[in-house]
Amino acid sequence: MTETTVNDAARYDFHAIEERWLPVWDERQLFRSGRPEDTRPTKYVLDMFPYPSGDLHMGHAEAYALGDVIARHWIQKGFNVLHPIGWDSFGLPAENAAIKRGIDPYGWTEDNIVQQRASIRRYACSFDWDRVLMTHRPDYYRWNQWLFTRLFERGLAYRKPSLVNWCPNDQTVLANEQVVAGLCERCDTPVTKKKLTQWYFKVTDYGDELLDELETLRGTWPSKVIAMQRNWIGRSTGADVSFTIEGRDEPIAIYTTRPDTLYGATFMVVAADSDLAAELAQGADEQTRAEFDAYAESVKKESEIDRLATEREKTGVFLQRYGINPVNGERLPIWASDYVLADYGHGAIMAVPAHDQRDLDFARAMDLPVRVVLDCRDDAGERLADPVESGVATTGDGTLVNSGSLNGLAKAEAIAAITAELAAAGSGVPAVNYRLRDWLISRQRYWGTPIPIVHCDACGEVPVPDDQLPVTLPPAEGLDLKPKGQSPLAAATDWVNTTCPDCGGAALRDTDTMDTFVDSSWYFLRYLSPGKTDGPFDVEAAAKWAPIDQYVGGVTHAILHLLYSRFITKALRDMGMIDFGEPFTALLNQGMVQMDGSAMSKSRGNLVRLSEQLDEFGVDAVRLTMAFAGPPEDDIDWADVSPSGSAKFLARAWRLARDVTGEPGVDPATGDAALRAITHRTLHDAQSLVEAFRFNVVVARVMELVNATRKAIDTGAGPADPAVREAVETVAILLSLFAPYCSEEMWSMLGHEDVALATYPAVDESLLVEETVTCVVQVKGKVRDRLEVPPGIGEDELRELALASDGAARAIGDAAIRTVIVRAPRLVNIVTA
RNA sequence: GCCCCCGUAGCCCAACUGGCAGAGGCAGCCGACUUAAAAUCGGCGCAGUGCGGGUUCGAAUCCCGCCGGGGGCACCA
């Protein structure tokens with residue numbers, strides 16, 4: 001214990017190295033990105049900011065390790081890199097923890113941030129600590145409120161009564177995007193429906209743009225995410241068709257993608273939970289009304305889970321009302337059912353059971369007529385079975401029959417023809433619909449941004465003027481935060497009771513808070529000028545830095561966060577604040593860190609604690625393991641990888657720096673040529689590998705270089721050779737992307753400072769040229785010989801060499817040669833008869 | 001039910017526009033150093049690419065069909 005042997009002192013001690021460099025880096029602040037005199041080209045690298053629920057976990061460690069590789073690479077390549085970090089610090093976990101423990105969400109949140117901040121500091125990412133933002137602070141959420149009022153002024157924020165998703169456990173409404181398979185995204189409670197008046201952001205105004213501009217992201221976003229967004233937006237094109245309703249003044253519009261099948265309509269269906277259904281039922285006899293009311297009530301009660309169940313029986317009520325088919329004047333009975341959605345299209349459809357499976361199921365359940373209007377054939381030209389007998393609707397292409405003027409046309413022709421006919425008759429127009437709904441942003445919870453609206457009896461909904469923002473949250477003390485279906489803010493009477501900004505009369509504050517996805521939908525702009533007090537962000541800074549060159553985060557946000565951010569960005573562009581419409585030019589989705597084949601969780605007992613991994617193997621080894629495990633988008637199973645192996649490798653790299661005896665600044669050209677070739681080949685390849693996110697391969701190549709350098713020191717050129725120094729400096733520079741401590745220590749031992757700011761060495765192209773290459777000689781595709789040839793060898797010469805080679809001659813024997821394929825200088829394939 | 005991705009050595013993973021299946025690591029085995037061990041250094045590849053067809057001079061790579069694993073969407077008319 002007391003004696004330190006020479007051997008011990010020469011051993012790699014990651015704890016000591018971490019402790020040595022952390023304070024130095026704090027002092028030097030290498031990653032500040034706001035200096036006005038800095039004229040380098042810019043890059044904005046962004047990691048999704050953490051939610052401060054407890055300490056960092058393995059998932060954070062992976063994401064930040066990978067993002068840092070990219071940021072550090074661009075720094076070494078001479079860019080002025082903005083790489084910020086902050087906290088997404090409003091939200092339910094803080095509130096639930098506060099309720100459970102009887103504490104203030106503010107204190108809980110701030111404490112967690114202190115802890116996470118210390119962990120992130122230790123993790124040594126190239127973050128600019130001058131730009132930290134926290135969304136729960138009034139100086140941030142003030143600008144959420146500013147954003148809300150701007151959207152309100154432009155008609156993009158509005159309030160409407162609607163049947164909304166309701167989580168009975170969290171006692172709050174949820175956005176469509178937060179309902180996953182009928183369950184609350186947060187707590188997995190089955191979601192129910194509730195009629196409430198809520199605030200919405202009008203995302204649907206940007207539906208076309210959100211869809212079409214996905215194309216501009218192709219190649220730089222994962223195609224999976226593009227597909228998911230496309231799916232989610234769900235644009236469909238068709239026609240709105242007017243149906244006259246007996247006993248009703250106004251016709252009703254239905255939306256259909258298949259106007260060609262109008263002649264096949266045999267009934268109509270309205271959504272059971274729609275106002276239209278209630279109105280139509282009102283006009284029916286008393287018994288029908290009672291039947292409808294009972295049905296509507298049962299529909300409202302059913303959970304999302306029930307609704308989504310497959311193999312579900314069709315149910316409904318005949319409303320004793322009739323609509324008139326505009327193309328043939330037929331009377332169509334009108335039913336109410338839950339298989340038609342109130343908030344899609346017009347909440348009403350024409351039913352064509354022969355050519356729509358859902359309609360057919362309903363027709364069979366209710367014994368309604370089915371009329372085939374398309375003659376559909378299979379690949380062999382055989383007519384498909386009658387839907388009535390088979391129970392399978394024919395939804396494909398075919399030839400129109402029983403359809404008046406459309407007879408004989410194909411599906412596409414018929415759609416065009418009938419759409420024109422309807423337009424001429426004034427009973428139909430082309431129409432587009434979206435699966436995407438407007439974004440419901442009201443939440444009946446405490447820990448979020450108060451909605452900056454005052455409700456005045458005289459003036460209505462009045463936005464709080466900019467000079468009165470922020471509307472700060474009242475202190476949690478004294479408020480009952482328990483979920484009860486109404487915002488806890490309602491109980492803060494001193495806070496709720498206010499005066500109308502317009503008329504000065506008594507008025508009430510809106511008591512709901514905003515969905516925390518509002519906070520994260522523009523935070524990337526706030527980083528550009530986090531201290532700004534007279535606006536959400538500096539417009540010139542945005543012009544300089546934004547949009548984000550590289551965004552890094554989990555695929556869990558493929559729809560929600562990314563879609564909302566895209567929407568807000570487009571809205572801000574239309575306000576003239578920025579000149580781009582897509583916030584994230586490139587996106588990298590890292591996989592998840594698992595353990596023994598499944599997601600880590602305390603209850604499953606397979607939780608791996610990041611802090612323990614860091615203590616045992618060191619920050620560098622954990623980061624290196626994350627990068628080396630495989631392609632970044634693949635999941636990592638921690639049981640399959642080896643942080644101890646990474647630690648061993650780092651020690652091996654470190655020993656190279658310890659062993660170098662050559663002086664700095666000596667021209668490496670005088671050194672070992674073979675080692676130099678490997679060094680420059682590695683440098684050459686590493687940049688394109690990093691830029692293609694193939695970090696695992698970069699690490700493998702650095703390992704190769706380390707092995708070659710070791711060999712050169714022990715059994716080759718020796719520790720004093722300038723090529724050895726060049727190789728070890730290269731190792732330090734490349735390794736700094738993954739292992740900042742180890743490489744800084746190496747860099748320091750080599751007589752330099754700040755490896756993070758080291759310039760990426762120029763590649764000497766002349767060292768990449770090989771003197772000879774191995775040419776494979778195949779006979780009928782099988783390797784029969786190898787030749788060492790100059791790289792510039794001509795085709796004819798190579799052909800002769802190959803034909804004359806021993807291996808080839810042996811394999812050919814006396815067979816006739818049919819053809820010889822020459823791919824100089826690497827391959828010759830001799831094809832014999 | 002519909003759509004997308006992935007199957008290479010015991011394990012994690014490489015393999016440029018089709019051109020020698022193996023870069024790197026884990027585990028394992030052997031050796032050097034050591035009184036011994038640890039650490040370190042050196043050496044050792046055992047699969048023919050999930051299966052079956054096809055295209056091609058040549059297929060891990062392209063096409064078709066299965067099998068296995070993962071993910072997304074799911075009454076959107």
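Note that these values count all heavy atoms, side chains included, but never hydrogens, waters or copies made by symmetry. Chain A is the first sequence line, chain B the second, and so forth, proteins listed ahead of strands; every chain is numbered from 1.
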- Out of B/A23, B/C13, B/U40, whichever nucleotide has its closest atom nearest the side chain of A/E704: B/A23
- Task: Have a look at A/T774 and say if it touches a base, only the backbone sugar-phosphate, or nothing, with a 4.0 Å heavy-atom cut-off.
- Result: base
- Quick one: look up who B/U17 pairs with, Watson-Crick or G-U, both distances under 3.5 Å, and put none if it's unpaired. none
- Integer angstrom distance from the P of B/A36 to that of B/G10: 35 Å
- Partners meeting salt bridge (Lys or Arg N to Asp or Glu O under 4.0 Å) with A/D659 (sequence neighbours left out): A/R710
- Message: Assess, by modelled atom type and distance only, whether the side chains of A/S242 and A/S427 contain a donor and an acceptor separated by less than 3.5 Å.
- Response: no
- Message: Is B/G54 syn or anti, taking syn as a glycosidic angle within 90° of 0?
- Response: anti
- Item | B/A60 and B/G50, which share atom name P, separated by this distance in whole Å | 10 Å
- Query: How close or far is atom P of B/A74 from atom OH of A/Y344, stated in whole angstroms?
  - Reply: 13 Å
- Shortest non-hydrogen pair, A/L735 vs A/A653, comes out as CD2-CB, 3.9 Å
- Message: With a 4.0 Å cut-off on N to O distance, would you call A/R799 and A/D796 a salt bridge?
- Response: yes
- Note on the structure: Of the candidates B/A14, B/G24, B/C26, the side chain of A/P631 sits closest to B/A14
- Message: If you take any heavy atom closer than 4.0 Å to RNA chain B, which residues from residues 252-261 of chain A end up in contact?
- Response: A/Y255, A/T256, A/T257, A/R258
- Query: By side chain to side chain contact (heavy atoms under 4.5 Å, CB included), which residues pair with A/R784, not counting sequence neighbours?
  - Reply: A/V779, A/K782, A/A811
- Query: So what's B/C62 paired with, Watson-Crick or G-U wobble, going by both distances under 3.5 Å?
  - Reply: B/G54
- Message: With rounding to the closest Å, how many angstrom separate the C1' atoms on B/A23 and B/A9?
- Response: 14 Å
Which protein N or O atoms sit under 3.5 Å from an N or O of nucleotides 67-73 of chain B?
{"residue": "B/C73", "atom": "O3'", "partner": "A/R435", "partner atom": "NH1", "Å": "3.3"}

- For B/A37, what is the paired nucleotide under Watson-Crick or G-U wobble rules, both distances under 3.5 Å? none
- Query: Taking CZ from A/R658 and P from B/U40, how many angstroms apart are they, rounded to a whole number?
  - Reply: 11 Å
- Item | Any donor-acceptor N/O pair, A/S337 side chain to A/T315 backbone, under 3.5 Å | yes
- Query: By side chain to side chain contact (heavy atoms under 4.5 Å, CB included), which residues pair with A/F693, not counting sequence neighbours?
  - Reply: A/I70, A/Q550, A/L588, A/P632, A/F695
- Query: For A/T204, what residues pass the side chain to side chain donor-acceptor pair (under 3.5 Å) criterion, not counting sequence neighbours?
  - Reply: A/D438
- Message: Between B/G18 and B/C62, how many Å separate the two C1' atoms, rounded to a whole number?
- Response: 8 Å
- Message: Can you identify which nucleotide, out of B/C26, B/C13, B/A77, has its nearest atom closest to the A/I349 side chain?
- Response: B/A77
- Item | Any strand: nucleotide that pairs with B/C29 via Watson-Crick or wobble, under 3.5 Å | B/G43
- Task: Give one of base, sugar-phosphate or nothing for A/V783, where a contact means two heavy atoms less than 4.0 Å apart.
- Result: sugar-phosphate
- Integer-rounded Å distance: B/C13 P and A/L689 CG: 17 Å
- Message: Nearest whole Å is fine: how far is B/C5 C1' from A/I226 CD1?
- Response: 15 Å
- Taking salt bridge (Lys or Arg N to Asp or Glu O under 4.0 Å) as the test, write out the residues that go with A/D343, two or more places apart. A/R437
- Is any side-chain heavy atom of A/L803 closer than 4.5 Å to a side-chain heavy atom of A/I830? yes
- Message: With rounding to the closest Å, how many angstrom separate the C1' atoms on B/C64 and B/U55?
- Response: 11 Å
- For A/R701, the salt bridge (Lys or Arg N to Asp or Glu O under 4.0 Å) test, sequence neighbours excluded, returns A/D685, A/E704
- With sequence neighbours excluded, give me every salt bridge (charged side-chain N to carboxylate O under 4.0 Å, His left out) pair touching residues 635-652 of chain A. none
- Query: Rounding to the closest angstrom, what is the interatomic distance between B/A32 and B/G24 at atom P?
  - Reply: 25 Å
- Query: Which of these nucleotides, B/C13, B/C26, B/G25, is closest to any side-chain atom of A/K648?
  - Reply: B/C26
- Item | Residue met sooner reading RNA chain B from 5', once A/G630 and A/K314 are mapped to nucleotides | A/G630
- Message: Once you apply a heavy-atom cut-off of 4.0 Å, does A/A629 come out as touching a base, just sugar-phosphate, or nothing?
- Response: sugar-phosphate
- Taking every heavy atom of A/A348 against every heavy atom of A/A253, the minimum-distance pair comes out as CB-O, 4.3 Å
- Whole-Å distance separating the CZ atom of A/F649 from the C1' atom of B/A39: 18 Å
- Message: Nearest whole Å is fine: how far is B/G24 C1' from A/I678 CD1?
- Response: 14 Å
What pairs of nitrogen or oxygen atoms, one from the protein and one from nucleotides 52-61 of chain B, lie under 3.5 Å apart?
{"residue": "B/C57", "atom": "O2", "partner": "A/N829", "partner atom": "ND2", "Å": "2.4"}

- Query: Going by atom types alone, do A/H355 and A/T394 pair a side-chain donor with an acceptor below 3.5 Å?
  - Reply: yes
- Query: Are the aromatic ring centres of A/F267 and A/F362 under 6.0 angstrom apart?
  - Reply: yes
- Item | Rounded distance (Å) that lies between atom C1' of B/A74 and atom CG of A/D356 | 14 Å
- Query: With both distances under 3.5 Å as the test, what is the Watson-Crick or G-U wobble partner of B/C2?
  - Reply: B/G72
- Query: Does B/U49 have a Watson-Crick or wobble partner in any strand here, with both distances under 3.5 angstrom, and which is it?
  - Reply: none
- Task: Identify, between A/D640 and A/S644, the residue whose nearest nucleotide on RNA chain B lies closer to the 5' end.
- Result: A/D640
- Query: Whole-Å distance between B/U40 P and A/D659 CG?
  - Reply: 14 Å
- Message: Taking only the P atom of each, what is the distance from B/G68 to B/C16 in whole angstrom?
- Response: 30 Å
- Message: Please tell me if A/S236 has a side-chain N or O lying less than 4.0 Å from either OP1 or OP2 of B/A77.
- Response: yes
- Residue pairs passing the side chain to side chain donor-acceptor pair (under 3.5 Å) test with at least one member in residues 822-833 of chain A, sequence neighbours excluded, are A/E770-A/R826
Report all interatomic pairs (protein N or O, nucleotide N or O of nucleotides 41-44 of chain B) with separations under 3.5 Å.
{"residue": "B/C41", "atom": "OP1", "partner": "A/R652", "partner atom": "NH1", "Å": "2.5"}
{"residue": "B/C41", "atom": "OP1", "partner": "A/R655", "partner atom": "NH2", "Å": "3.1"}
{"residue": "B/C41", "atom": "OP2", "partner": "A/R652", "partner atom": "NH1", "Å": "3.4"}
{"residue": "B/G43", "atom": "OP1", "partner": "A/K711", "partner atom": "NZ", "Å": "3.4"}

- Task: Return the minimal non-hydrogen interatomic distance between A/G59 and A/Q590, and the atom names on each side.
- Result: O-NE2, 4.4 Å
- Message: If I pick the P atom on B/G70 and the same atom on B/C12, what distance separates them, to the nearest angstrom?
- Response: 15 Å
